[in-house]
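Below: the structure, in structure tokens.
Quick note: numbers below take in every heavy atom, side chains included, and nothing from hydrogens, waters or symmetry partners.
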Amino acid sequence: MREITAKELEDKLHARERLKIIDVREDEEVAAGKIPNAIHLPLDQISDRINELDKNEHYYIVCRSGGRSANACQYLHQLGHNVTNMVGGMLEWEGETE
């Protein structure tokens, strides 16, 4: 599984790279703040909403600490999606949130 640190992802955002970030945390976790422009797609809804994801896009998957996002990456990768897990999750994120 491909991985990226929170700092590396933040650097990509600062470089204005066009990124697709999916936050798989629950509603109450996201309410406390998420990475700007991240798509909120709770882990338990991924299979129901899989048609919203484009296999031609690269997605960075984020959760609170990196565990749920790793599970999401494994599942999405098996379905042919191009994904990277942000290790350490939002606990490691020092960038801005919305």
Side-chain angles (χ1 to χ4, degrees):
M1 169 185 344
R2 286 187 296 191
E3 296 180 329
I4 191 169
T5 67
K7 178 66 175 137
E8 289 168 334
L9 187 60
E10 183 181 356
D11 290 345
K12 286 179 172 292
L13 285 173
H14 284 298
R16 301 206 181 277
E17 288 188 35
R18 190 181 141 279
L19 304 177
K20 297 277 187 172
I21 301 169
I22 298 176
D23 192 322
V24 299
R25 296 177 297 156
E26 296 301 317
D27 293 341
E28 60 276 2
E29 293 173 294
V30 170
K34 69 177 181 66
I35 297 171
N37 299 315
I39 300 161
H40 180 217
L41 180 56
L43 183 62
D44 64 353
Q45 295 180 19
I46 289 178
S47 61
D48 294 335
R49 295 175 56 188
I50 195 72
N51 61 333
E52 296 176 28
L53 303 180
D54 183 348
K55 286 187 178 178
N56 296 315
E57 292 284 351
H58 180 194
Y59 295 101
Y60 294 90
I61 313 297
V62 177
C63 72
R64 182 177 139 312
S65 62
R68 284 175 286 177
S69 55
N71 291 339
C73 282
Q74 183 177 14
Y75 175 73
L76 291 168
H77 179 75
Q78 288 174 348
L79 295 176
H81 290 274
N82 186 8
V83 292
T84 299
N85 184 37
M86 187 176 91
V87 295
M90 290 301 287
L91 291 175
E92 298 291 324
W93 183 258
E94 295 179 356
E96 66 179 87
T97 59
E98 61 178 19

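- Residues E26 and D44 are in side-chain contact: their nearest non-hydrogen atoms beyond the backbone lie under 4.5 Å apart.
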- Begin with the C-alpha distance, continue with both residues' side-chain angles, and end with the deciding distance and a verdict on side-chain contact (heavy atoms from CB on, under 4.5 Å) for E96 and L13. CA-CA 10 Å; E96 66 179 87; L13 285 173; over 6 Å; no
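- Rounding to the nearest 0.5 angstrom, the gap separating the CG atom in L41 from the CG atom in D48 is 9.5 Å.
- Residues L9 and M86 approach most closely at CD2-SD, 3.5 Å, considering heavy atoms.
- In the displayed structure, E17 atom CD is contacted under 6.0 Å by more than 12 heavy atoms of other residues, nucleotides or ligands.
- Here OG of S69 is found 11.5 Å from CZ of R64. Values are rounded to the nearest 0.5 Å.
- Minimum heavy-atom separation, C63 to R68: SG-N, 3.5 Å.
- For H40, the NE2 atom counts as densely surrounded, since its 6.0 Å shell holds more than 12 non-hydrogen atoms of other residues, nucleotides or ligands.
- Pairing each heavy atom of C73 with each of T84, the nearest pair is SG-C, 3.7 Å.
- Between the CD1 atom in I4 and the CG atom in L19 there is a gap of 7.5 Å [rounded to 0.5 Å].
- There is a path of hydrophobic side-chain contacts, each under 4.5 Å, that joins I21 to W93.
- Rounding to the nearest 0.5 Å gives a distance of 12.0 Å between CZ of R18 and CG of N37.
- Between N85 and A70 the shortest heavy-atom distance is OD1-N, 3.4 Å.
- Hydrophobic clustering (side-chain heavy atoms under 4.5 Å, transitive across Ile, Leu, Val, Met, Phe, Trp, Tyr) keeps V62 apart from L53.
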- Message: Quick one, I35 with E10, criterion side-chain contact (heavy atoms from CB on, under 4.5 Å). Give me CA distance, side-chain angles, the key distance, then yes/no.
- Response: CA-CA 9 Å; I35 297 171; E10 183 181 356; over 6 Å; no
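- Counting only distance, with no hydrogens or angles, the side chain of Q45 and the backbone of P42 share no donor-acceptor pair below 3.5 Å.
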- Message: Could you walk me through whether T97 and M90 satisfy the side-chain contact (heavy atoms from CB on, under 4.5 Å) test, starting with their C-alpha distance in whole Å, then the side-chain angles of each, then the deciding distance to 0.1 Å, before giving a yes or no?
- Response: CA-CA 10 Å; T97 59; M90 290 301 287; 4.0 Å; yes
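- Of all the heavy atoms in Y59 and I22, the pair that sits closest is CD2-CD1, 3.5 Å.
- Note on I61 and Y75: same hydrophobic cluster, where clusters join Ile, Leu, Val, Met, Phe, Trp and Tyr whose side-chain heavy atoms are under 4.5 Å apart, directly or indirectly.
- Atom CD1 of I46 sits about 10.0 Å away from atom CG of L79, to the nearest 0.5 Å.
- Scanning all heavy atoms of the two residues, the minimum distance from P36 to E98 falls at CA-CD, 3.5 Å.
- Here the CD-NZ distance, from E57 to K20, works out to 4.5 Å after rounding to the nearest 0.5 Å.
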